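Remember, predicted model here, so these are calculated numbers, not experimental data.
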Amino acid sequence: MKPFEQQTYYELLEVPVSAPVDDIRAAYSRLMELYAPDSIAVYALVDPEQVDGLRARMTEAMEILTDEDLRAEYDKDLGLPTRRMAETVTAGGRPSPEATPVAGTVERAAEALASSAAAEVDAAGTGEGASTAAPAAHAPEEVEQTSTATPPPPEAATSPVGPSDFRATFFRGFSFAYVSSSLQDSQVLGSSVYVPTVASASETASSAPATSAPSTASTPIPVASATEPVQAPVAAASATPVAVTAATESAPTPVTVAAASESVTEPTPPVAPAAVEVASEPAPESVPQQLAPTAPAPESTALATVPGRKEGPSAPSSRPGARTPSIRTATVGPASEAGRSAPRPGSGRQLGDAQVLSQDSAIATAEAALAQVAARVREPRPRTPDIPADAEFNGELLRRVREARSFSLQQVADRTRISKGHLENVEADRYTALPAPVYLRGILMNLARELGLDPLRVSRSYLALASEKSGKK
Amino acid sequence: MGVPLKPVPLSSMTEPSRAPRSEAHVLGPVSKTPGPVASGPPGLSRRPRPRRIIAVGGGKGGIGKSMVSANLGVALAQSGLNVLLVDADLGGANLHTCLGVGQPAATLSDFLRKNKATLEEVIVPTGVPRLSLIAGAQDALDAANLKYAQKQKLLKTLMGASADYLILDLGAGTSFNTIDFFIMADHGLLVVLPEPTSVENAYRFAKAAFFRKLQQMEAQYGIQDMVESALTTREGSLRTLHDVLAQARRKDPAAAERLERELAAFRIRLVVNQARTDADLNVGTAVASAWKKFFGIEMDDLGAIRYDDEAWRSVRKRRPVLIERPDSPAATAIQRIADRLLALDSNLDPSSP
């Protein structure tokens, strides 16, 4: 007897752990039908919320299990990696989009990474532009394309990444780390570099056929969810050195290679949340120097400097919590620094600024899309900041969680449709000002869901406190 | 009490001793039941008891519980077993009508009100070989409101009745009078129509049955408070069996494990009636897997009975469809359900009597 909340993804979808992707998809669609809101089988069985919860978890399970590398990672967590490893080895060969969908292990990841790093070294060697990884951020010409392509991220997220090229996934997974250096390249090497860069980008596109627009949007999923251990250190590894080298005006291409090779040698270094903090540190220093008039707050630079960012308000760009913003500042930081170190201060500066702006907008657009996708992926399985199991959820704790996720009250209010006043009262524990328990419960459940907490636990705990306190008065 | 005890030791008890007491109707060739009679619950071990008790419930009225009971009885009797049908729908008895017995001379209420001393005196033949009937209360106005002592007497007596299969046709609703008969059975058959009203009531019935079962076990396991709190719907109360078990586990892991085993052993078996479409045929499976997903408890899907005009015509003729039109879809479906039950029992036989 195991409540569905505790079931593994395989148990949830009622498939064996060896099930091929097609079976998983079939099981998923069958179960979605069975647990559809209008399905007779769940009518009056449990609370509709529970059915929704089950459906969300099943979707999550399907998304994880139909993505090769996410599944490999998950299997590893479950402690059943060897089988699939062996399978992949027998499948053999270089990773390709048509590769067997079950493939995808850490080994393969390493292999793909290695080959991509090699490709990168080649690219750097021929001087075509250091990074092939981020076509979105490469050149203004591409910006148009990307910004038109990025808006449908939810679709991309629902249409699972599946057998999309593992290499492409990894490229884009790291593209964040590379953005800064590639920006620098274009800044430092001059505009003549752009055309070759685009060429190399499209080369990447052809070598990795999964570079269609939706996959551009969906491939970052590993960045935000599964490959966090990889992402954070890489961000640190690339962002910090790059910022330094930008200051020292040394050639940026070796840096990229260094970063890449570093990540090759350590494909999955242990998670170090602090690394992200480190990564973000150089940014605040450099940003105010250059962009202080336009945007003093490091986190809002991208927002403030982006003119053509249409989905800004709707895209919860800060949604994935502290990680994405910090990365963004990291990437923006070097970019602005590069702008500062541009040789011609006058009109050239303006030109450079325009480039920075458009590049920023490209980054921001990509990030907004990524944030949406990441939010989607993350939502059902949020990473709660350490809250003790017996913690009482008072307003203070809820506020801390919200701030840890860097949501503003207004954002939460917009997303949950709970009035800001109520939210303020909840956080300030003004029990008497709060609505009747029956409404408060709904508010708390919504809020908790938004914050990635257990809705039942939060509402129970908070309501207990509320009744206790107001009862005494 | 109900059954005259033969002075044979339990181990050597032979088949005839367990034949139904209905001397009035023709007993067919002795059933092929193997082995000695099972020892009943503690305290009843010396009495013969029905090999299997089947309870047919469903929560909602008008979903064909009586039709299923009657025809299942016919099917089992036709496969050579002695079957006793009991109309436990105390407020709305009409099993006799389904079988075309007419107004019975003696009913269950005669037994309950001590007009008749033993259960045997109220057993009437049905015209189907090996199938006998205890008709439900007819005109006693308060028959539906069984007193506690009466219910205990009836339960005990039924447990002691001697037949290969005892089939209890339960009434609608989820009152304890109904539920208690259901959870005492070896096979709790839950009849459900593929429509929301019926599914809703079926779930309610199933939940009520499980919590009643828990309640009965609570003294044993010291979980009284938990069941109480599970039955209330306050905020923060235990809501599911998972919660109850989790709490029991905290108190006493060993007892919780026994409890879990016992609950898992209590398997509700689904019968989908009046399936009109192919999708309806799968409702049983869907309900079973949804139930399992949320409560972690297995349900069995015994199969679906197609909506069949022949079944309806048979009711109009007051004849079981299995006799009237044995080759109709409804009749074959019921036959299949009976076969499945027999298969289940033959599987279980060696291990648990």
Quiz prompt | Residue part contacting chain B, namely of Leu54(A), when any heavy atom lies under 4.5 Å | solution =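 When you check distances to chain B, only side chain atoms of Leu54(A) fall under 4.5 Å.
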Practice problem: Apply the side chain to side chain contact (heavy atoms under 4.5 Å, CB included) test between Ile40(A) and each candidate in Leu193(B), Val287(B), Val283(B); give the one that qualifies. | Solution: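 Exactly one candidate clears the test, Val283(B).
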For [X] against [Y], the heavy-atom pair lying closest together:
X         : Y         : result
Leu45(A)  : Phe294(B) : CD2-CD1, 3.6 Å
Val46(A)  : Phe295(B) : CG1-CZ, 3.9 Å
Ala290(B) : Ala41(A)  : CB-O, 3.9 Å
Ala44(A)  : Lys207(B) : O-NZ, 3.5 Å

Practice problem: Might you confirm whether atom CD of Glu396(A) has over 12 heavy atoms from other residues, nucleotides or ligands at distances under 6.0 Å? | Solution: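 Check passes, neighbour count above 12.
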Quiz item: Just wondering, more than 12 heavy atoms not from Glu257(B) lying within 6.0 Å of its CD?
Solution: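 It does not: Glu257(B) CD has 12 such atoms or fewer within range.
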Quiz item: Which region of Ser289(B), side chain (C-beta onward) or backbone (N, CA, C, O), has a non-hydrogen atom less than 4.5 Å from a non-hydrogen atom of chain A, or is it both or neither?
Solution: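 Contact with chain A: backbone and side chain both.
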Quiz item: How far does CE of Met58(A) sit from NZ of Lys293(B), to the nearest 0.5 angstrom?
Solution: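 So the gap between those two atoms works out to 4.5 Å.
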